[in-house]
Colleague: 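My structure is below; once you've seen it, I'll send some questions.
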Amino acid sequence: MSGFARGKRRKFTSYVLTYAGLVSLFLVFVFPLLWIVGISLKTREQIFTNPPVFFWIPTFENYVHVLTQSDFLASFGNSLVVTTASVTLSLLIGIPASYTFARFHFPGRGVAMITLLIMRMLPPVAILLPLFVLFKAVGLSNTRISVIIAYTTFSLPLIVWVMKDYFANLPKELEEAAYIDGASRMLAFRRIVLPLARPGIVTAAILSLLLAWNDFIFAAILTNNATRTSPVLLASYAGGETGTNWGAITASGVLVVIPVIIFSLIVQKHLVQGLSSGTVK
Amino acid sequence: MASVQMTDVRKSFGAVDVIHGIDLMIEDGAFVALVGPSGCGKSTLLRMIAGLEETSGGEIAIGNRVVNDLTPRERNIAMVFQNYALYPHMTVAENMGFNLKLAKKPQAEIDARVSEAARMLGLTPLLDRRPSQLSGGQRQRVAMGRAVVRKPQVFLFDEPLSNLDAKLRVQMRSEIKGLHQKVRTTSIYVTHDQIEAMTLADHIVVMHGGRIEQQGHPMELYRRPANLFVAGFIGTPAMNFVDAVGGSDDRGPLAKLPGGEAIRVDGVRLDEGRPVTLGFRPEHLATHGAGARLKGPARFVEPTGALTHVTFDVGGHNIVAVIDGEHQVATGQAFEVSVAPELVHVFDRQSGMRLNAA
Ligand SMILES: Nc1ncnc2c1ncn2[C@@H]1O[C@H](COP(=O)(O)OP(=O)(O)OP(=O)(O)O)[C@@H](O)[C@H]1O
Ligand SMILES: [Mg+2]
């Protein structure tokens with residue numbers, strides 16, 4: 001009898017602890033975001049009231065301001081363009097490259113993989129200045145293309161390291177079965193390998209998307225006022241003659257996060273693992 | 001359907017020679033088993049026939065067409081893999097129809113052929129499932145279905161049953177045999193299980209170290225193994241081997257065991273003192289009847305029901321006999337069997353080659 005009761009109590013305790021943990025984790029991660037959303041919905045006076053107000057009638061004047069009075073839309077467009085282009089380019093180059101690394105043995109394979117990793121381990125600034133000089137020399141300075149190239153260079157190693165293992169773990173027999181079924185190498189890759197590698201591809205895409213979307217330092221150096229991306233514009237709201245415009249910073253910050261959230265919601269179902277379970281015992 | 005002919009086929013991986021010149025003629029419609037211990041090159045040979053592995057030397061012809069330089073697609077063969085290799089993102093029907101789809105057959109024909117094959121293999125209720133929703137035996141059957149649907153020239157099987165439990169293996173074995181009797185497609189079946197080979201095939205090829213040791217009808221291999229390797233490989237429990245020396249008396253040839261017992265042998269001439277190895281199959285050792293007698297204390301007695309395996313000691317050699325299950329034997333007891341001269345296999349001790357004539 002006591003064993004049953006104790007078991008029940010222990011279950012209740014672990015239940016409470018689990019939820020207490022989850023809730024605190026949630027607060028730690030979400031609180032800054034909520035705070036930012038809060039500020040973005042306040043007037044300039046409310047923002048600086050001390051102690052802070054916790055209940056107020058939200059205002060959208062900051063959103064109206066960034067969407068109408070500033071370069072927000074232009075920079076947002078730039079962000080979209082460079083991110084989409086660099087993610088696409090990275091995947092187009094990175095997927096075949098990682099498949100090659102996974103399936104073919106060629107001289108220098110190990111060295112090439114390590115080189116990629118080392119490039120990724122260098123601090124961005126170490127690459128940035130040579131890149132800046134290089135782009136200037138070829139007449140690409142202050143263009144979006146230069147940023148796209150820089151992001152692609154930087155996310156390729158990431159993609160190759162993630163995807164190579166993914167491809168290497170797909171049973172080779174699946175492709176061989178496809179060859180026997182009459183597929184060429186290319187067709188087997190498209191019809192068998194790619195669909196099965198989808199979770200890996202989505203992971204790689206997210207990694208390179210975040211790299212491009214959230215980057216500040218590359219864009220700050222490689223772009224000008226016309227080609228700058230959202231993070232660069234956001235930074236420009238700080239300081240200046242009129243002081244830091246907190247309302248504009250937080251409102252554009254929220255707007256910049258929205259596409260990332262939408263993207264995550266769209267792709268998360270593709271992240272479901274275990275698709276390849278049951279092929280091979 | 002087609003014959004498969006191999007002429008001096010060789011394979012090396014880098015500097016390592018794995019297949020050392022295989023000559024093999026497989027008749028149209030035959031069911032051939034390739035058997036041999038692990039690492040002897042069975043899978044490699046099969047994959048060369050399939051076109052998944054390049055041929056380093058020699059010639060492979062399918063239906064009189066040399067296929068060395070053809071891709072798997074151009075060879076029109078089907079293969080069943082040990083791990084089935086079903087496409088996990090496709091349903092059973094899509095798995096089975098993938099080849100026809102790639103061949104751009106009309107959907108109506110694909111559906112008809114898939115459902116015909118599904119009916120033959122009892123897969124009809126499973127056509128819409130994914131491989132992950134199937135049991136091991138069902139996956140195995142889908143893998144066979146995928147091979148049958150396309151009506152290839154040759155079926156290749158690489159240990160298709162080794163992932164199944166013992167009972168299912170026996171069941172699938174008869175299904176494969178039944179299938180072959182229905183469709184009569186030339187089949188090459190790799191296994192390291194000689195029982196599987198004996199029961200399924202009408203021609204067995206025993207491989208060892210990248211060479212063919214012997215090939216022929218299963219019973220031929222059982223009755224007249226060409227050398228010690230085949231003798232030990234074919235048959236369960238394995239053949240007993242005892243060293244002896246040749247001799248003869250006025251009634252014919254003999255072999256003398258180290259303990260002095262003389263075993264009469266048949267179909268062979270033995271010079272006095274020639275070192276030989278004798279082989280007796282456990283099931284040929286009889287508790288009654290005429291012939292040379294072997295005796296010693298019983299070491300282990302293993303009843304299996306109808307038959308009992310008795311391991312007994314003859315001059316320091318362990319000999320296994322398979323006897324009637326009703327026969328009473330106790331561990332430690334003296335045990336005696338006889339063996340008929342025509343059932344004694346005589347091998348040269350140096351070369352390991354069989355000495356008995358046909
Ligand atoms: N890709 C490869 N590279 C180098 N050596 C290989 C390769 N594939 C096979 N081998 C070698 O070739 C020999 C024959 O291999 P194979 O797979 O044909 O043996 P098998 O008879 O099928 O054995 P098993 O019964 O274990 O499947 C082995 O010694 C193996 O190590
Ligand atoms: Mg093998």
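Order of the sequence lines fixes the chain letters, A, B, ..., with proteins taken first and strands second; residue numbering starts at 1 for each chain. No hydrogens, no waters, no symmetry mates; every other heavy atom, side chains included, goes into these values. Note that this is a predicted model, so its numbers are computed, not measured.
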Colleague: Check whether more than 12 heavy atoms from other residues, nucleotides or ligands sit under 6.0 Å from atom CG of A:L80, and answer yes or no.
Modeller: yes
Colleague: For the interface with chain B, which of A:D181, A:I180, A:I192, A:L187 has the highest count of heavy-atom pairs at distances below 4.5 Å?
Modeller: A:D181
Colleague: Does anything in residues 140-156 of chain B get under 4.5 Å of chain A by heavy atoms, and if so which residues?
Modeller: B:R146, B:R150
Colleague: With sequence neighbours left out, what residues match A:D215 under side-chain hydrogen bond (donor to acceptor under 3.5 Å, both in side chains)?
Modeller: A:Y151
Colleague: Which bit of B:R75 comes within less than 4.5 Å of chain A, counting heavy atoms only: side chain, backbone, both or neither?
Modeller: neither
Colleague: Got a second to check how far A:E173's CD is from B:L52's CG, nearest 0.5 Å?
Modeller: 10.0 Å
Colleague: Please check if the number of heavy atoms outside B:K101 that lie under 6.0 Å from its NZ is greater than 12.
Modeller: no
Colleague: Could you give me the CA-CA distance, side-chain angles and deciding distance for A:E176 and B:R47, then say whether side chain to side chain contact (heavy atoms under 4.5 Å, CB included) is met?
Modeller: CA-CA 10 Å; A:E176 291 177 344; B:R47 292 166 55 82; 2.8 Å; yes
Colleague: Where is the tightest heavy-atom contact between A:G182 and B:L102, given as atom of each residue plus distance?
Modeller: C-CD1, 3.8 Å
Colleague: Under a 3.5 Å distance rule, please check whether B:Y87 uses its side chain to pair with a backbone N or O of A:A178 as donor and acceptor.
Modeller: yes
Colleague: Could you look at B:A78 and say if it's the side chain, the backbone, both or neither that has a heavy atom under 4.5 Å from chain A?
Modeller: backbone
Colleague: To the nearest 0.5 angstrom, please state how far the CZ atom of B:F81 sits from the NZ atom of A:K172.
Modeller: 11.5 Å
Colleague: Tell me whether the count of non-hydrogen atoms from other residues, nucleotides or ligands lying under 6.0 Å of CZ in A:F104 goes above 12.
Modeller: yes
Colleague: Minimum heavy-atom separation for B:A85 and A:A177, please, with both atom names.
Modeller: O-CB, 3.9 Å
Colleague: Counting heavy atoms not belonging to A:Y19, are there more than 12 under 6.0 Å from its OH?
Modeller: no
